[in-house]
Student: 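Below is the structure I would like to discuss, written out as C-alpha cells.
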Amino acid sequence: MSKELRKDILKRLKRVVIKVGSGVISDHESGRAPMERGLSQKRIRSYARRIRAIIDSGYEVILVSSGAVMAGRERLNLQRPNLDIPEKQACAAIGQSSLIRSYERWFEKQDLKVAQILLGHDDLENRKRYLNARHTMEALLEYGVIPIVNENDTVTVDEIKIGDNDTLSANVACMAEAQLLILLSDVEGLYTADPSKAGNKSAPAELISHVDRVTPEIERIAGKSKNPLAVGGMYTKVLAAKKTMSFGIPTIIINGLKGENLKKVFAGSNIGTLFWSGETKIKDRKHWIAHTLKPAGSIKVDGGAGKALVERGKSLLAAGVVNVDGKFEFGAAVRILDEKGKEIARGLVNYNSRDLDQIKGLKTADVRSLVGANFYEEVIHRDDLVLV
Ligand code: GLU
C-alpha cells in the first residue's frame, strides 16, 4: 500500500517543501557536545548537490531551514542550554546571516540562487500578509530561485511564535500548495517506541513505514523531544504531518543525516515514515475560504466568466468582472455572483474594491498598464476560489 502511495505522490509531484533541522546541518563529525556545535559546511554542500539533482528532475523546491540559533550560539560562544529570550534573539540575528551565507555559497556552486524568507505567526494568520508571502514565493519559484524559509526569530517572543520549524514547514507546504513535505530528521522516522530506550529485547522498536491517520495513539508514540539541539522532535513532526494531511498533502519523515535518503524518496523507495491517506482534496483551506471567512463584498461576473469558473475550473480575470459591490481590501474574502446575482463561488481577492472597480471588464494587458506594480494576472486565483 505504502509503495503504491509513494508512486502516486511522485506522479503528482511538482513542488516539494524540504525541512532541514538544526541537528541535520550541525557539525556532528566535530565530536563536540550538541550545545557547542555549529553549521557543517560539508553537510550544506552535500544538500546543495542533492537539491540540484531534485531540481534537475523537474521539481520545484522550497527549503525550510533551522540553524540560526545554533549558528549564532557558536559565533557568540554561548553554550548554556537555557538562553533567555534576548540572548536567543541575538543568536538568531547573528546566526541567520551565517546560515544564509552558507546556503548561498554552496548553492551558487551548483548554479542555484537562493532567497531568504523570514515568516512570523502574523504572516500566517493575517490574510493580506499570507497572500503577500505566497505571491513572493511564487515569483521566486518562477525565477528558478530556491526560497529558504525560517521563522523571524529576531522579533518574535515565545508567546507569539510559530515555535518550531516542523510546524512552520507544514504551514509553508500548505501556503505554497506543495504536493509533498519532507522532514529531515536525525532518526529514520517514527518508531513504535523510542529507539533510544529500546534496549528491551521483548519489545524492540520498529519503524512505522506508513501512517494513514494521525490518531491520539500515534501522537502518544511520538512523545516529546530528547535532542537538546532540536526545538521540536518527533511530536511536532507528527503534528506537522497531521496538518498537511488535512490539506491533502503527504509528509515523509526521513533520516537526513544519510544524504542518499533524499534521493531514495524521489526513487519511490519505501524509506522513512509516510503520513498520508491518499486524500488530495484541499479540504481545510477551501473550507476556511467558503465557510470561515466573512465575505467583505461581492463581484458580479459575466456569463463567459461564470462558465469558465464553474465548468472549466479557471481563475477569475478582470475581463469577466461586470460589477463590484462593497468596500474591501486586497486579500479579503468576497462572493462571486453570476449574471442573475446568484452566488456561485467565494474567493480571496487580489485587488481592493477601488482598483477592481477601475479594471473591471478590461483585458489583462490593459490592467497591467493601468495598475502597474500592483498587477496580478488573476483577480481571484483558482487556488483561492471555492465553488458554492
Ligand atoms: N528557527 C530556529 C532556528 O533557526 C529553529 C526552530 C526549529 O528548529 O524548530 O534556529
Side-chain angles (χ1 to χ4, degrees), residues 17-28 34-40 43-44 47 62-104 114-124 133 147-173 181-187 222-244 251 253-257:
V17 175
I18 301 175
K19 184 255 171 176
V20 182
S22 300
V24 173
I25 47 167
S26 73
D27 54 356
H28 284 250
M35 286 303 161
E36 294 171 12
R37 288 181 196 154
L39 290 176
S40 162
R43 288 191 177 279
I44 297 179
Y47 279 121
I62 298 171
L63 279 186
V64 173
S65 180
S66 312
V69 174
M70 174 181 73
R73 267 178 182 281
E74 190 202 26
R75 299 201 68 194
L76 294 178
N77 214 359
L78 278 173
Q79 282 133 15
R80 276 179 288 116
N82 298 321
L83 301 181
D84 59 31
I85 292 172
E87 280 172 335
K88 253 197 241 164
Q89 290 177 320
C91 285
I94 186 167
Q96 179 65 26
S97 58
S98 307
L99 183 67
I100 288 293
R101 194 173 60 226
S102 302
Y103 275 110
E104 199 155 49
V114 301
Q116 165 180 280
I117 298 190
L118 298 178
L119 296 179
H121 189 257
D122 280 357
D123 301 306
L124 304 176
I148 302 187
V149 187
N150 197 358
E151 181 159 12
N152 197 356
D153 294 314
T154 308
V155 292
T156 41
V157 290
D158 282 0
E159 301 79 71
I160 52 157
K161 263 174 98 65
I162 301 166
D164 65 87
N165 277 6
D166 296 320
T167 308
L168 174 65
S169 64
N171 281 304
V172 168
L181 169 64
I182 303 177
L183 299 173
L184 301 182
S185 166
D186 54 4
V187 292
K224 300 274 181 200
S225 174
K226 304 285 168 324
N227 178 349
L229 262 186
V231 178
M234 205 38 80
Y235 185 65
T236 50
K237 288 185 178 55
V238 164
L239 293 188
K242 186 175 174 183
K243 169 157 185 126
T244 60
T251 290
I253 303 177
I254 56 170
N255 186 342
L257 294 175

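When a ligand or atom number is given, it counts from 1 through the structure's own listing order.
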Student: Give me the one residue out of Val64, Leu184, Ile182 that meets side chain to side chain contact (heavy atoms under 4.5 Å, CB included) with Val20.
Tutor: Leu184
Student: Is there a polar contact between ligand 1 and Ser66, counting only N or O atoms under 3.5 Å apart?
Tutor: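 Ser66 vs ligand 1: N/O contact under 3.5 Å present.
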Student: Return the set of residues passing side-chain hydrogen bond (donor to acceptor under 3.5 Å, both in side chains) with Ser169 (not counting sequence neighbours), or none when no residue passes.
Tutor: none
Student: Looking at Arg37 and Ser26, what are the two nearest heavy atoms and their distance?
Tutor: CD-OG, 3.7 Å
Student: Taking distance alone, with no angle check, do Gly67 and ligand 1 share an N/O pair under 3.5 Å?
Tutor: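 Looking only at distances, the answer is yes, because the N/O contact criterion of under 3.5 Å is met.
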Student: May I ask you to check whether Lys19 has an N/O atom sitting below 3.5 Å from an N/O atom of ligand 1?
Tutor: no
Student: For Glu104, check salt bridge (Lys or Arg N to Asp or Glu O under 4.0 Å) against everything at least two apart and list the hits.
Tutor: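 Glu104: no salt bridge (Lys or Arg N to Asp or Glu O under 4.0 Å) contacts found.
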Student: For atom 2 (C) of ligand 1, which candidate among Ile162, Val24, Asp153, Leu168 provides the closest heavy atom?
Tutor: Asp153
Student: Can Asp153 and Lys88 be counted as an ion pair, charged N to O under 4.0 angstrom?
Tutor: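 Result for this pair is no, no salt bridge flagged.
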Student: Any nitrogen or oxygen of Val69, side chain or backbone, less than 3.5 Å from one on ligand 1?
Tutor: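 In this structure, Val69 places an N or O atom under 3.5 Å from an N or O of ligand 1.
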Student: What I want to find out is whether Arg73 reaches Glu87 closely enough, with some N-O distance under 4.0 Å, to be called a salt bridge.
Tutor: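 Here Arg73 does not pair with Glu87 in a salt bridge, since their nearest N and O are not under 4.0 Å apart.
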Student: For atom 3 (C) of ligand 1, state which one of Gly21, Ala68, Ser65 supplies the nearest heavy atom.
Tutor: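 Result: the heavy atom closest to atom 3 (C) of ligand 1 is in Ala68.
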Student: Just which atoms of ligand 1 are under 4.0 Å from any heavy atom in Asp164?
Tutor: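 Taking each heavy atom of Asp164 in turn, ligand 1 has 9 (O) under 4.0 Å.
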